[in-house]
Amino acid sequence: MGEDVARHEFTREDRTRYRTKVRRCLDVFARMLREARFDFERPMTGLEIEINLIDEQGDPAMKNHEALQVIDDPDFVTELGQWNIEINVAPRRLAGGGITAFEETVRRSLNSAEEKAREVGAHMVINGILPTLRSKHIAPDLLSSNPRYALLNEQVLAARGEDLQISIDGVERLHLTASSIVPEAACTSTQLHLQVSPEQFPAYWNAAQAIAGVQVAVGANSPFFLGKELWRETRIALFQQATDTRGDELKAQGVRPRVWFGERWINSIFDLFEENVRYFPALLPICDEEDPLTVLDKGDTPTLSELKLHNGTIYRWNRPVYDVVRDRPHLRVENRVLPAGPTIVDTLANAALYFGLVRALAEDERPLWSQMSFQAAEENFNAASRNGMDAQMYWPGVGTVPVIELVLRRLLPLAHEGLIRWGVDSAERDRLLGVIEQRCLAGVNGASWQAREFHRHYDHTHLDRADALRTMLRSYVELMHANEPVHTWPLT
């Protein structure tokens, strides 16, 4: 969905033509896989972070258009809600100080953007869900002005045929009816990209699925939505429900949701693209003029734009990506499970854990997914979303154990091994995985800190709920800018 789109009405003929074209793209993609046409000799990694904008009081600032104008940096782009923007960080290799370079680049860019955004009364905060959002902030007219968001909103609601129903039972309960997909804009994430070869892709995707629950448990940072304390990573449930094109009848029939964990381990990247075409009708049936087969026969690289657009409207937590850079096609795993924040150092520590674990597990002689059911991986993911660092998880050879114990005893050594294979030096490994270790020992991540800080104000002072959340957020923002890991943050 990163491309601008302008069409606002679709005919039956449009949908028929699109279905034909996307299947033609799928056939061409299969041929490209057979003919080994992909770039993977120097695999790159990438990073995207979604950002919230707030005003001086800590409330959402509906100023992404004005903020982007003064920031004037092509790395910063719009996101779904008027209080969202996103930074896309240039890809790089992990070896030779790559993780530290990511950290330095993001800090430098965000500090510069923060200084400029102040001119229009906006300040940046990186967290999974802005805790000061209220019902009035999720109105349909607060979508970003880019036409693609209005079009996506129209098509999701048209496919559903009724308002969205959001129901989350956690520490407290929330039941909400929404007439637009704007609640999705509350979900701000960190997305990690990893370029792999076609042959490697199944192992890396399976590994990413297997550790998704661990990532969420350790990195949770979204405990509040609309003033309610819900799941430790409420963003998972909210995103699933805020884009659900299925009514109750389609759910009962077993129709898959567009925000999807999946249902099986894979043997090829083709499995995922083929499932997307087979299971999901088009939301945005927009065709271009390229004939991918003709392009391929000429020895050139097709864009496969219809297949890419379709793939971009299916929100797997680990998404397959086909892309073309300098006329060379490549494949990526896009890891989408993590929230934004709390700090850049925490973000890069989460990234180090991910990149290290997937490398170690993908290259294991006995694959983890041969010892673990896919359903167990999904249950771990759901338990982590609800309970964060208090989650219990199943792991082969260990059984069901607290996630903190699993990380400290079993997974951190694996992550170190994986980072060594990436060429990450010992100082980077020790510093960033040390953040994960200390976070687990302290039992504190972004979600638990936010909840504790909120309750110190709400339970023990005269502040009402809204003011307690604002006070907590102001402390969060100050500590976020200091870039000290969240497990070291004091409770004021």
Checklist entry - CZ of F273 to CG of L307: how many Å apart, nearest 0.5 Å? => result 5.5 Å
Checklist entry - Roughly how far, to the nearest 0.5 Å, is CG of L412 from SG of C440? => result 6.5 Å
Next on the checklist: Does R107 form a salt bridge (Lys or Arg N to Asp or Glu O under 4.0 Å) with E103? I'd like the steps, not just the answer.
Outcome noted: CA-CA 6 Å; R107 287 198 70 196; E103 182 179 354; 5.4 Å; no
Checklist entry - So which of R232, E233, R235 actually passes side chain to side chain donor-acceptor pair (under 3.5 Å) with S222? => result E233
Checklist entry - Tell me, do T303 and E290 make a side-chain contact under 4.5 Å, heavy atoms counted? => result yes
Checklist entry - Do N64 and Q82 have side-chain atoms, one donor and one acceptor, less than 3.5 Å apart? => result no
Item to check | Reported CG-to-CZ distance for the pair L272 and F201, which is rounded to 0.5 angstrom | outcome: 5.5 Å
Next on the checklist: A side-chain contact here means heavy atoms from C-beta on lying under 4.5 Å apart; do N221 and N445 qualify?
Outcome noted: no
Checklist entry - For H65, does the NE2 atom sit with more than 12 other heavy atoms under 6.0 Å from it, leaving out its own atoms? => result no
Item to check | Ionic contact status for R316 with E275, cut-off 4.0 Å | outcome: yes
Item to check | Ion pair R332/E334, N-O distance below 4.0 Å | outcome: no
Checklist entry - Is any NZ, NE, NH1 or NH2 atom of the basic residue among D55 and K63 found under 4.0 Å from an Asp or Glu carboxylate oxygen of the other? => result no
Item to check | Beyond-backbone contact of Q215 with W317, side-chain heavy atoms, under 4.5 angstrom | outcome: no
Next on the checklist: Give me the atom names and distance for the closest heavy-atom approach of P140 to V182.
Outcome noted: CA-CG2, 3.9 Å
Next on the checklist: Evaluate S109 against D75 for side-chain hydrogen bond (donor to acceptor under 3.5 Å, both in side chains), listing each step before the verdict.
Outcome noted: CA-CA 9 Å; S109 295; D75 288 346; 5.0 Å; no
Item to check | side-chain hydrogen bond (donor to acceptor under 3.5 Å, both in side chains) evaluation trace for E50 with Q191 | outcome: CA-CA 9 Å; E50 296 168 350; Q191 293 143 37; 3.0 Å; yes
Next on the checklist: Under a 4.0 Å threshold between the charged nitrogen and the carboxylate oxygen, would D59 count as salt-bridged to R134?
Outcome noted: yes
Checklist entry - Does a sphere of radius 6.0 Å around NE2 in H175 hold more than 12 heavy atoms from other residues, nucleotides or ligands, not counting ones at 6.0 Å or beyond? => result yes
Next on the checklist: Return the CD1 to CD distance between I166 and E184, rounded to the nearest 0.5 Å.
Outcome noted: 10.0 Å
Checklist entry - Any idea how Y204 and W422 line up, ring-wise: parallel (<30°), tilted (30 to 60°), or perpendicular (>60°)? => result tilted
Item to check | Nearest-0.5 Å distance that lies between atom OG1 in T343 and atom CG in L110 | outcome: 11.5 Å
Checklist outcome for this item: When rounded to the nearest 0.5 Å, the distance separating CG of N127 from CG of L473 is 6.5 Å
Checklist entry - Does the cation-pi check pass for R256 over Y279, that is, NZ or CZ under 6.0 Å from the six-membered ring centre and within 45° of its axis? => result yes
Checklist entry - Would you call E172-K228 a salt bridge at under 4.0 Å N-O? => result no
